[in-house]
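Residue numbers start from 1 in every chain, and the chains themselves are labelled A, B, ... in the order their sequence lines are given, proteins ahead of strands.
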Amino acid sequence: MSSEKKKKIKPQRPRGFEDLSGNDLTELNRLRDSIQKTYSLYGFDALETGIIEYSDVIGSFLPDQDRPNEGVFSFEDDDNKWVSLRYDLTSGLARYVAENYDSLPKPYRRYQSGWVFRNEKPGPGRFRQFFQIDADSIGSDNPLSDAEMCMMFSDAIESTGIERGDYVIRLNNRKILDGLIDSLNISGNKSGSDINLAIMRSIDKLDRLGLKGVEQLLGEGRKDESGDYTKGAGLENSSIKEILLFLEHGIDSKNLNRKKSLENLSKQFGSNDIFSEAIEELDQISSIIDVAGYDEKRIIVDPSVVRGLGYYTGPVYEADLTFNIETDDSIEKFGSVGGGGRYDDLITRLKGARVPSAGISVGVSRLSSALKYLKKQNINKEKLSVVVLVMDKEKRSLYYKIASQLRSAGIPSECYVGDGGMKAQLKYADKRQARLALILGEDEEASSSITIKDLMAGKEASGEILDNEEWRSGKVSQKTVSLDSLVEEIKTLLEL
RNA sequence: GCAGCUAUAGCUCAGUUGGUUAGAGCGCCUGGUUGUGGACCAGGAGGUCCUUAGUUCAAAUCUAAGUAGCUGUACCA
């Protein structure tokens with residue numbers, strides 16, 4: 001006996017994976033639909049690609065070890081080829097574009113949503129499987145496509161029910177930071193170098209760690225709450241000062257209009273070539289969205305945005321929720337719900353030729369919990385459903401006929417399909433959160449009527465019942481009606 | 001990866017300086033009520049006290065290692 005028990009496998013879902021049901025699932029679908037509808041309004045095409053790609057295509061390479069790359073779920077297929085679960089939707093897009101390059105319209109603009117997988121340590125609000133909704137524009141160098149991304153981003157977020165003022169699109173350019181770091185004359189620095197990336201990473205943590213944390217990371221290093229130590233970039237004090245000054249300006253400029261903000265920036269570091277180029281690009285984007293009527297309530301210039309260290313090459317955008325979230329012991333910023341930017345070199349790897357591109361990606365779980373917090377989600381939206389009880393198993397066909405009639409009238413209805421008695425069936429209906437139970441037994445049959453039991457009303461009444469006799473009767477919230485008028489009665493009852 | 005914390009019933013947790021049969025609330029099941037879910041009453045099932053080794057007359061309790069989880073941090077093409 002005990003050995004048998006030992007064999008019983010503990011039902012446990014892998015960490016970082018979620019089961020979705022009920023309201024959460026409905027909400028996911030709703031968000032996906034409204035965002036995709038926005039993308040579609042802009043003229044983007046829908047695309048689906050598989051969730052598995054060849055590992056080398058996905059951008060990883062086979063090292064000498066057994067596993068291709070950290071962070072990616074990978075395995076060998078029958079042909080001894082390494083395949084991987086997609087870690088984002090861009091990799092599939094890149095492959096698709098390179099494969100069908102000649103037949104696609106250029107620029108090619110498409111949207112896609114789906115689950116992506118990362119084999120990483122999950123944390124609060126971070127999963128190993130999560131849902132992304134992307135839109136990308138392939139094959140355009142034009143600032144118009146960046147501007148379009150920002151505007152569409154803003155529209156998409158508003159379409160989910162988040163109101164203007166509760167979010168903002170922060171626009172920046174990677175070249176601004178490149179220019180800044182370039183002007184510091186740090187030895188060994190160039191775009192993509194270790195020291196360059198270390199600085200970028202430190203700046204990226206401004207939101208979470210604040211100016212002080214960034215200062216520590218740029219210098220010697222930083223100790224976290226648990227006592228663990230992170231080694232810093234080791235810059236000289238003068239350089240750190242410059243960067244911090246710049247970041248402070250970034251914080252200030254959030255409150256300025258875009259034009260003013262860009263003017264200030266160019267005054268501050270105008271002499272650097274890379275920097276000037278960045279300002280010029282941002283200026284063009286800003287003019288386009290100005291004319292289109294997207295003001296600073298929706299899109300701001302914020303020089304502290306870093307985004308995806310790897311493949312972004314120009315303008316970057318991030319959607320931030322601006323309200324605070326109050327937890328038990330602290331008040332935190334809700335933070336980013338998605339982002340994107342220009343990546344001019346990504347498809348080059350698969351295609352050879354340079355393919356300038358820009359894209360955005362929205363993470364749905366964050367957005368969903370934000371909406372839940374704002375109470376915009378339709379929580380416990382009253383479900384309209386009816387369970388027809390099986391009182392006499394011989395007469396099942398009759399019950400099915402009733403359920404079928406109700407369905408024709410647009411009322412979701414089901415017949416109990418289990419083996420339990422009446423008590424068990426009502427328990428079932430209760431757990432299903434059905435609104436009504438229909439009872440047609442001997443009593444009702446004799447008068448060709450049917451009893452409608454309002455489960456919600458009964459539940460409410462139950463708190464007031466103290467007398468056991470009254471309880472026993474169980475008839476507080478019931479109504480017996482003629483079988484012919486059933487549909488009408490239900491419609492009046494539910495105010496349809 | 002690094003660091004800190006934690007591990008007792010399905011869930012949330014209590015368990016005294018190491019002491020005899022390990023508890024509570026919720027949930028679940030049964031009955032009160034063979035035609036009534038949800039209130040109420042009565043009863044019941046459910047435990048490798050994470051694993052292994054050690055200390056001890058005696059370990060859920062102390063020690064060590066391992067494992068898993070949580071939190072922070074790092075990484076995240």
Side-chain angles (χ1 to χ4, degrees), chain A residues 1-3 5-6 8 10-16 55-61 68-72 84 86-88 90-91 94 116-126 128 192 197-198 201-202 204-205 208-209 213 216-217 221-232 307-312 329 343 345-346 349 387 389-392 416 420-445 451-478 480:
Chain A
M1 225 20 189
S2 66
S3 67
K5 210 170 183 183
K6 217 172 196 173
K8 197 170 74 182
K10 195 179 176 190
Q12 192 185 32
R13 68 174 186 279
R15 60 188 188 134
S55 302
D56 53 355
V57 169
I58 237 170
S60 61
F61 47 91
N69 218 329
E70 285 288 312
V72 185
S84 300
R86 63 186 179 199
Y87 68 90
D88 66 16
T90 315
S91 50
V116 298
F117 304 84
R118 302 209 178 162
N119 193 4
E120 291 162 359
K121 194 189 123 180
R126 266 185 79 160
R128 292 157 95 194
L197 286 177
R201 272 187 234 120
S202 309
D204 198 21
K205 294 181 176 60
R208 205 151 33 88
L209 305 178
Q216 289 169 329
L217 282 175
R222 192 187 98 92
K223 209 182 230 180
D224 72 37
E225 288 170 26
S226 68
D228 191 33
Y229 188 75
T230 307
K231 198 170 180 290
R307 289 289 317 161
L309 309 152
Y311 57 66
Y312 290 117
D329 44 18
Y343 51 94
D345 303 323
L346 191 63
R349 281 199 301 231
V387 174
L389 301 196
V390 174
M391 303 299 291
D392 180 351
Y416 177 75
M422 186 173 183
K423 197 177 175 122
Q425 296 190 40
L426 278 166
K427 271 194 173 173
Y428 166 82
D430 186 42
K431 269 208 171 135
R432 284 270 299 115
Q433 293 182 292
R435 178 66 204 272
L436 301 177
L438 297 185
I439 304 163
L440 202 170
E442 277 177 32
D443 298 351
E444 286 83 0
E445 212 182 346
T451 298
I452 304 170
K453 187 177 176 70
D454 189 330
L455 294 168
M456 301 282 186
K459 195 166 207 157
E460 273 168 34
S462 71
E464 290 154 25
I465 298 174
L466 298 167
D467 181 58
N468 208 15
E469 283 303 310
E470 193 186 350
W471 182 258
R472 269 185 76 169
S473 78
K475 305 233 164 98
V476 182
S477 53
Q478 293 182 201
T480 301

Nucleotide nearest A/L455 when distance is taken to its side chain, options B/G37, B/A77, B/G35: B/G37
For atom NZ of A/K205 and atom C1' of B/C75, their distance in whole Å: 9 Å
N/O (side chain, A/R15) to phosphate O (OP1/OP2, B/A68) under 4.0 Å: no
Set of residues satisfying side-chain contact (heavy atoms from CB on, under 4.5 Å) with respect to A/E460, sequence neighbours excluded: none
hbond_proxy A/E444 side chain to B/G35 base (donor-acceptor, 3.5 Å cutoff): yes
Donor on one side chain, acceptor on other, A/T451 and A/Q478, under 3.5 Å: no
For A/Q216, all residues meeting side-chain contact (heavy atoms from CB on, under 4.5 Å), sequence neighbours excluded: A/R222
Candidate nucleotides B/U36, B/A77, B/U73, ranked by approach to the side chain of A/I439 - the nearest: B/U36
Whole-Å distance separating the CZ atom of A/R126 from the C1' atom of B/C76: 7 Å
B/U36 OP1/OP2 closer than 4.0 Å to side-chain N/O of A/K459: no
Under 3.5 Å, which protein N or O atoms sit close to an N or O of nucleotides 1-4 of chain B? Give each pair with its distance.
residue: B/C2; atom: O2'; partner: A/D228; partner atom: OD1; Å: 2.8
residue: B/C2; atom: O2; partner: A/D228; partner atom: OD2; Å: 2.6
residue: B/A3; atom: O2'; partner: A/S226; partner atom: O; Å: 2.7
residue: B/A3; atom: N3; partner: A/S226; partner atom: OG; Å: 3.2

Sugar-phosphate only, base, or nothing, as touched by A/R118 at under 4.0 Å among non-hydrogen atoms: nothing
Spacing of the C1' atoms in B/A64 and B/A9 (rounded, Å): 29 Å
Listed nucleotide nearest any side-chain atom of A/Q478, set B/C75, B/U36, B/C76: B/U36
Any donor-acceptor N/O pair under 3.5 Å between B/U36 base and A/Q425 side chain: no
Interatomic distance, A/Y87 OH vs B/C76 P [rounded to whole Å]: 12 Å
Phosphate OP1/OP2 of B/U73 contacted by A/R208 side-chain N/O (<4.0 Å): yes
List, with names and distances, any nitrogen or oxygen atoms from the protein found under 3.5 Å away from nitrogen or oxygen atoms belonging to nucleotides 26-31 of chain B.
none

Rounded distance (Å) that lies between atom C1' of B/G72 and atom NZ of A/K223: 14 Å
Interatomic distance at C1', B/G66 relative to B/A14, whole Å: 28 Å
Distance in angstrom units between A/L217 CG and B/C75 C1', rounded: 14 Å
Nucleotide nearest A/L209 when distance is taken to its side chain, options B/G37, B/U73, B/C70: B/U73
Residues A/V72, A/R118; criterion side chain to side chain contact (heavy atoms under 4.5 Å, CB included); working and verdict: CA-CA 6 Å; A/V72 185; A/R118 302 209 178 162; over 6 Å; no
Which nucleotide in B/A74, B/G69, B/G37 has an atom nearest any side-chain atom of A/T230: B/A74
Partner set under ring-ring contact (aromatic ring centres under 6.0 Å, His included) for A/Y428, not counting sequence neighbours: A/Y416
RNA chain B base-pair string [pairs: Watson-Crick or G-U under 3.5 Å; |: paired with another strand]: (((((((..((((.....[...)))).(((((.......))))).....(((((..]....))))))))))))....
OP1 or OP2 of B/C75 under 4.0 Å from side-chain N/O of A/R201: yes
Whole angstrom value for the distance that separates P of B/G35 from CG of A/L426: 11 Å
